[in-house]
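Structure first, commentary second.
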Amino acid sequence: MLNFTVGPVMSNEEVREIGSEQVPYFRTPEFSELILESEDLMNKLLDAPENSRCAFITGSGTASMEAVIMNVFTKKDKVLIINGGGFGHRFVELCQLHEIPYESIDLEMHKDITEDILKEYENKGFTAFLVNIHETSTGVHYNLDMISEFCNRNNLLLVVDAISSFLADELDMSKNNIDVVITGSQKALACPPGISIIVLSPKAIERVEENTCKSMYLDLKNALKNGERGQTPFTPAVGILIQINARLRQIFAEGGVEAEIEKIGTLAENFREQIKDLPFEITSQSLSNAVTPLHPTTASADDIFHILKDEYGIWICPNGGDLKDTLFRVGHIGDLTIDDNNKLIEALKDMQKRNLI
Ligand SMILES: *Cc1c(COP(=O)(O)O)cnc(C)c1O
């Protein structure tokens with residue numbers, strides 16, 4: 001299998017080997033040490049401000065999105081959400097469900113945020129800003145500097161869902177004054193799904209401490225308290241946490257976050273160069289290194305997905321709903337190489353020869 005989806009993605013050999021081992025008991029000093037080390041490495045990778053904390057949630061990315069909404073906000077807030085696709089819409093639904101006052105900026109699909117759009121929301125009594133910095137459903141990477149400056153001017157708490165952008169695009173909590181970053185195990189961290197990670201600035205931690213969370217499992221106060229000694233309140237996905245630790249250490253050993261971003265960026269650039277004479281259009285106004293969203297001009301996107309999977313053993317990422325036939329995505333995260341890009345291009349050129357695209 002050759003996997004170009006956006007998650008779960010392919011894991012490297014060391015991570016896969018850990019997956020084949022017995023899962024250890026976890027209420028031990030050794031496991032606590034591993035968690036504390038992972039927290040430290042996460043804070044470093046994100047350049048988190050001093051005294052930031054990191055919570056490892058057993059649950060996919062959406063569990064952490066929900067935990068943030070439930071623990072960081074109250075009915076007294078008024079949050080501004082960028083809603084430009086499936087994941088932006090998820091934040092909208094979470095605010096509705098948990099009765100957090102909000103307004104959404106409903107962006108045209110495939111489009112980036114602009115100063116002109118943001119201008120309308122200046123000085124309107126908002127308390128926080130929620131953005132999926134890479135709207136993975138359409139492959140739009142929003143302008144973080146612009147958003148960050150808007151938040152600074154308006155004194156807003158900034159929450160960034162970077163689930164598919166972490167390790168693929170630059171993301172610096174200190175530089176951009178970000179209060180909460182959410183990420184997950186199955187995107188560029190390239191581990192199996194099951195763990196999501198929330199990094200909180202001291203300002204965000206203060207909010208968590210002051211709030212009462214109406215959930216036992218997603219109570220971040222409890223998670224942070226246990227985290228002080230490198231533990232979690234309940235049995236976590238122990239094996240995946242061990243894989244994440246190995247992967248974080250690898251990233252540091254291989255040149256840190258810059259080297260990782262460069263690797264993914266090089267793969268993306270190589271792929272985008274190689275598709276120039278294929279009948280595809282890149283739809284996004286502003287690309288992340290993680291994904292290339294493509295509109296096929298001569299065939300159905302869903303057909304292309306099925307043919308590549310069934311006849312070539314190559315997985316790309318289909319879209320659902322209204323975009324099913326018009327858009328597919330090629331991921332550049334996970335254990336991929338230029339040679340893998342060449343195999344995908346070869347398959348696509350073969351499909352072209354067969355008049356399938
Ligand atoms: C993958 C992803 C999520 C989380 O989805 P889960 O299926 O819950 O892991 C959330 N936001 C973005 C931007 C994503 O790419």
Side-chain angles (χ1 to χ4, degrees), residues 3-11 46 55-70 72 79 81-95 97 104-105 107 109-113 129-144 147 158-171 178 180-199 215 217-218 236-237 240-241 243-244 264 268 284 286-293 315-321 323 327-334:
N3 181 353
F4 288 92
T5 69
V6 297
V9 298
M10 297 198 294
S11 302
L46 286 164
F56 296 92
I57 304 296
T58 292
S60 77
T62 307
S64 280
M65 291 170 76
E66 184 156 28
V68 168
I69 299 298
M70 294 181 81
V72 175
V79 306
I81 305 170
I82 294 195
N83 178 13
F87 291 105
H89 184 65
R90 194 167 298 177
F91 267 143
V92 169
E93 287 185 309
L94 284 167
C95 284
L97 179 64
S104 63
I105 304 177
L107 285 184
M109 214 187 295
H110 313 301
K111 292 281 197 289
D112 193 5
I113 189 82
F129 197 105
L130 299 184
V131 62
N132 320 84
I133 200 65
H134 174 220
E135 173 51 76
T136 326
S137 63
T138 52
V140 177
H141 186 251
Y142 299 122
N143 187 328
L144 180 57
I147 290 168
L158 175 55
V159 173
V160 174
D161 163 3
I163 297 178
S164 65
S165 180
F166 172 61
L167 298 177
D169 309 300
E170 195 199 330
L171 185 66
I178 301 170
V180 180
V181 168
I182 307 168
T183 190
S185 55
Q186 82 274 27
K187 305 270 165 99
L189 260 177
C191 289
I195 293 282
S196 48
I197 306 170
I198 307 171
V199 183
S215 164
Y217 199 76
L218 294 179
I240 296 166
L241 284 169
Q243 288 170 307
I244 288 174
I264 296 171
S284 163
S286 165
L287 291 163
S288 157
N289 287 323
V291 171
T292 305
W315 296 64
I316 53 168
C317 210
N319 271 74
L323 296 173
L327 192 70
F328 68 85
R329 293 161 296 159
V330 174
H332 309 296
I333 52 182

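Because the structure is predicted, anything quoted here is derived from the model rather than measured. In each ligand, atom 1 is the first atom listed, and ligand 1 is the first ligand listed. The basis for the numbers below is simple: all heavy atoms, side chains too, and nothing from hydrogens, waters or symmetry mates.
- Without hydrogens or angle criteria, Asn3 side chain to Pro8 main chain gives a donor-acceptor distance under 3.5 Å.
- Listed by chain and number, residues touching ligand 1 at under 4.0 Å (heavy atoms only) are Ser60, Gly61, Thr62, Met65, Phe87, Arg90, His134, Thr136, Asp161, Ile163, Ser164, Gln186, Lys187.
- The backbone N or O of Gly194 sits nowhere less than 3.5 Å from a side-chain atom of Gln186 that would complete a donor-acceptor pair.
- Looking at residues two or more places apart in sequence or on another chain, you find no salt bridge (charged side-chain N to carboxylate O under 4.0 Å, His left out) involving Glu93.
- Under the side chain to side chain contact (heavy atoms under 4.5 Å, CB included) criterion, Pro236 pairs with Phe26, Phe31, Thr58, Thr232, Val238, Leu241, not counting sequence neighbours.
- Applying the side-chain hydrogen bond (donor to acceptor under 3.5 Å, both in side chains) rule to Ser185 yields no partners; only residues at least two apart in sequence or on another chain are considered.
- Nearest approach of Ser284 to Val140, heavy atoms of both residues: OG-CA, 3.6 Å.
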